[in-house]
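Below is one structure, written out as C-alpha cells; the observations come after it.
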Amino acid sequence: MTFKTAKMVVLTIAVLLFSASSLYSYNRDLNVVRYVSATIKAVGWASSELEMEVLKFDHALTSLAAGTQNERHVQLRFELLWSRIDTLLEGEESRPVREQSGVREMLLDLRQRLVEWDPKIYGLTMDDRQGILELKRELSSYRQLAREINVNSFSGEKVWQQLDIIGDVRQRSTIYLAGLLLSGGLMLWLVIRENRRNRYLAYHDMLTGLPNRINFYQMMERTLALAARERRYLAIHMVDLNGFKAVNDSLGHEVGDRVLKVVASRLCVMLERLDHVARLGGDEFVVVQFFDDREEAARSSARVLQALSGEIRLPDGCLTPQASIGTSLYPDHGTTMAELLSHADTAMYYAKHDPKFSSRVFEPDMDEQRLRSQKLAVALQLAIENDELTLVYQPIFRLDGGHIESLEALLRWHSPEHGHIGPLEIIAVAEHHGLAHLLNQWVLLTACRQLQHWHGRGFDWLKVNVNISPEIFMSGELGCTVAATLQRTGLPASALVLEITEDTSLWDTASSVDNLTALRQLGVEIALDDFGTGYSSFSHLRQLPVNKLKIDKSFVSDLSTDKRAVDLVHTIIRLADSLEMEVTAEGIEEPEQQQRLQQLGCQLGQGYLLARPMPAEQVAGWLEKDLRRYSPAG
Ligand code: C2E
Ligand code: MG
Ligand code: MG
C-alpha cells in the first residue's frame with residue numbers, strides 16, 4: 001500500500017468513527033430530550049387534570065345546591081375524581097407526579113377522604129344544603145393543594161432542572177451536528193481533491209508537468225479544428241534530444257531528469273497563445289505552433305532549436321542539450337493528426353541521422369527513404385554476421401618527412417541487394433536500429449587484426465586510426481571493448497588511435513573527460529575528428545585528454561582561396577601546439593594546400609593528393625615503398 005492510500009484509509013476511518021460516534025450521541029440525546037419533554041408534559045397534564053377534577057366536583061356540588069344539576073351528576077363527578085386519584089397513585093405514567101414532594105401524601109389523604117365521603121355522596125339530595133356546604137368546605141383545602149401541585153408541575157425546581165437538561169442536550173447535539181457536517185465536508189473535500197489530482201496525473205507528465213500523450217492527442221483534435229476554422233498554418237515539431245540515453249547511463253537519472261525539466265521549461269517559454277507543447281515519453285517532446293504564413297511555419301524549427309540551446313548547469317560541470325527536430329506542416333503534409341505526427345516523426349529520423357542538419361521539414365520522398373533504412377538495417381545485421389563489410393585504409397603521412405604514420409580505417413559496404421552504401425548512411429542506420437555497438441566491435445577488431453598482420457610483416461611502427469560512432473563513445477562501454485580487442489590481438493595500445501567527432505564530447509564535460517581519461521589510461525591515442533565543424537569551445541578543449549586534432553577538410557579546401565581559412569587553420573595549429581596536441585589536416589587534394597599546411601606547421605596530413613583510401617591488400621605495397629624511402633629507425 002502506498003503512503004497516499006494509507007493516508008486516505010486512515011482519514012476515512014477517522015471520519016467514519018467520528019461520524020458514527022456523533023450519530024450515536026445525537027440519537028441518545030434525542031431520546032433523553034424526548035423522555036424529558038414527555039415527562040414534563042405528562043406531569044403537567046396529570047396535575048392539571050387533578051385540579052380540574054377537584055374543581056368540577058366542587059362545581060357539581062354548587063350546581064346541586066343551586067338546583068341546576070341533579071344528584072347523579074354529583075355522583076358521576078365524585079367517581080371521576082376517585083378514578084383520577086387512583087390513576088395518579090398507581091399509574092406508571094403518573095410516577096413523576098406522585099414523586100413530587102408532598103403529592104403522594106396529599107393523594108392518599110384525599111383518597112381516604114373520598115372513602116369517608118362515599119356514603120354521604122350517595123345519600124346526598126339537593127335539599128341537604130347543610131351537607132353540601134360542609135362537603136364544599138372540606139373540599140376547599142384539597143382544591144388549594146391541587147392548585148399548588150398544578151402550579152409546581154409547570155414551574156417547580158424539578159421542571160427547571162429538566163429544562164436545563166434539555167438545554168444541555170440541545171447544545172451538545174448542535175456540537176455533534178456541527179462535527180458531523182465538518183467531517184462530512186472534510187471527507188468531501190478530500191475526495192474532490194484526490195479526484196482532481198488523479199485527473200491531473202492522468203493527463204500530465206509527472207516529471208515536467210507538461211501535457212502527456214493522451215492529453216496531447218485531445219488537444220491536437222481541437223487545434224486542428226481551430227486551424228481549419230481560422231485557415232491558419234500549423235507547424236508540428238517532433239523534438240528528440242541527442243544522446244540522452246548516454247546522459248542517463250553515464251551521469252545518472254537525476255541529471256537526466258534535470259535536463260528534461262530544463263528542456264520542458266525552455267520549450268514552454270517560447271510558446272505563443274494557442275501554441276502547445278507535450279512530452280510524448282522519454283526524451284521526445286512535441287511542439288505545435290500556429291502561423292499565418294506558410295514560409296514562417298517552415299522556418300520555425302530554428303527558433304525551437306535556439307530556445308533549447310544554452311548550457312545547463314549541473315553539480316559538477318555543464319551540459320549543452322542538443323536536439324533533432326522533425327517538422328510537418330498543416331495543411332501541406334496532412335490534415336489528420338495521424339498523418340502529421342507520422343510525417344513529423346519521419347522528418348525527425350532524417351534530422352537525427354544527417355550530420356549536416358539538426359532539423360528537417362518533411363518531404364514526400366522521406367517516407368521511401370525511411371523504408372529503405374529499415375530494409376538496410378536488416379541487411380546490415382546479416383552483413384556484419386556474414387563478414388560482408390570491408391575496411392579500406394587511407395594513409396596519414398608525416399608532412400615533413402613524408403612517411404606513413406598511420407592508416408585510417410574507413411568502412412565500405414557493397415550489398416548484393418542495395419549496391420554501394422556510404423559509411424555515413426551505414427553508421428546512421430546502425431545507430432538508429434541498435435546495431436552501432438555490434439558494428440563498432442566489428443570495425444575495431446577487423447582493423448586491429450589487420451594491423452597485427454602488418455606488424456607481423458615488419459611494419460611495427462605503424463598505427464591504425466579507427467572512427468568511433470558517437471553513440472558508442474557516449475555510452476561509456478568503449479573502454480571495455482577496446483581493452484578486450486587489444487588483448488585479443490596482442491597489439492600495443494600505443495598503435496591504436498581512436499577518432500571521435502568533435503561534438504560527441506559536447507554533452508557534458510565531466511563524463512567526456514572520464515570516458516577519455518579511461519581510454520588514455522589504456523595507452524591509446526585520441527583524435528578529435530572533423531575539428532572546426534562542431535561547437536567545442538577552446539576552454540572545453542583544454543580539459544579534454546585528447547592528443548590529436550584533425551582539421552576538417554572544409555577548411556583545408558579553402559586554404560588556397562580564402563585568407564581567413566589560412567588564419568583559422570594557423571590559429572588551430574598554434575592552439576594545438578600550446579596544448580601539446582598534434583594536428584592532422586584532412587582532405588589535402590592540391591600541392592598548394594600541402595605546402596601551405598607545412599608552412600603553418602601542420603605535422604600530419606591525409607588526402608587524395610597523398611593517397612586515396614585503399615583495400616588492405618594494396619597497403620603493403622605503399623608500406624614497402626615507404627620503407628624504402630624512409631626508415632623510422634634512421
Ligand atoms: P572521416 O573520419 O572524416 O574520414 C575522412 C573522410 O574523408 C573519408 O570519407 C575519406 O574517404 C574522405 N577523404 C579523404 N581524403 C579526402 C580528400 O582529399 N578529399 C575528399 N573530398 N575526401 C577525402 P568516407 O570514407 O566516405 O567516410 C566518411 C565518414 O564516415 C568518415 O569521415 C567517418 O566520420 C565516417 N566513417 C567511415 N568509416 C567509419 C567507421 O568505420 N566507423 C565510424 N563510426 N565512422 C566511419
Ligand atoms: Mg575519421
Ligand atoms: Mg574527418
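Just so you know, these numbers come straight off a predicted model, no measurement behind them.
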Nearest 0.5 Å please: distance from the [atom1] atom of [X] over to the [atom2] atom of [Y].
| X | Y | atom1 | atom2 | answer |
| --- | --- | --- | --- | --- |
| L329 | L340 | CG | CG | 8.5 Å |
| I426 | L435 | CD1 | CG | 11.5 Å |
| F291 | D275 | CZ | CG | 7.0 Å |
| L478 | I468 | CG | CD1 | 5.0 Å |
| R412 | L389 | CZ | CG | 11.5 Å |

Got a salt bridge between [X] and [Y], using NZ or NE/NH1/NH2 to carboxylate O under 4.0 Å?
| X | Y | value |
| --- | --- | --- |
| D530 | K550 | no |
| K463 | E408 | no |
| K563 | D567 | yes |

Consider only side-chain N and O atoms of [X] and [Y], and report whether a donor and an acceptor are under 3.5 Å apart.
| X | Y | value |
| --- | --- | --- |
| D387 | W442 | yes |
| Q599 | R596 | yes |
| H237 | S301 | no |
| Q322 | N242 | no |

TODO: Verify, without hydrogens or angle tests, whether W461 (side chain) and I404 (backbone) share a donor-acceptor contact under 3.5 angstrom.
DONE: yes
Open item on the list: Please check this pair: side chain of N386 against backbone of L382, looking for a donor-acceptor N/O pair closer than 3.5 Å.
Closed with: yes
Open item on the list: Under the salt bridge (charged side-chain N to carboxylate O under 4.0 Å, His left out) definition, can you give me all pairs with a residue in residues 318-328, not counting sequence neighbours?
Closed with: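 Applying salt bridge (charged side-chain N to carboxylate O under 4.0 Å, His left out) to every pair that reaches into residues 318-328, excluding sequence neighbours, yields nothing.
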- [ ] Anything under 30° is parallel, anything over 60° is perpendicular, the rest tilted; go ahead and classify H343 against H333.
- [x]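 Correct class here is perpendicular.
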Task: Counterpart residues, side chain to side chain contact (heavy atoms under 4.5 Å, CB included), relative to H433 (two or more places apart) - done: Y349, S373, Q374, A377, V429
TODO: Mind checking side chain to side chain contact (heavy atoms under 4.5 Å, CB included) for D345 and listing every partner two or more places apart, or none if nothing turns up?
DONE: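 Partners of D345 under the side chain to side chain contact (heavy atoms under 4.5 Å, CB included) test: M238, E284, M348, R370.
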Task: Heavy atoms from other residues, nucleotides or ligands near CD of E272 exceed 12 (cutoff 6.0 Å) - done: no
TODO: Please say whether more than 12 non-hydrogen atoms of neighbouring residues, nucleotides or ligands are located less than 6.0 Å from CD in Q306.
DONE: no
Task: D558, V556, D552 screened by side chain to side chain contact (heavy atoms under 4.5 Å, CB included) with S554, the one that passes - done: D552
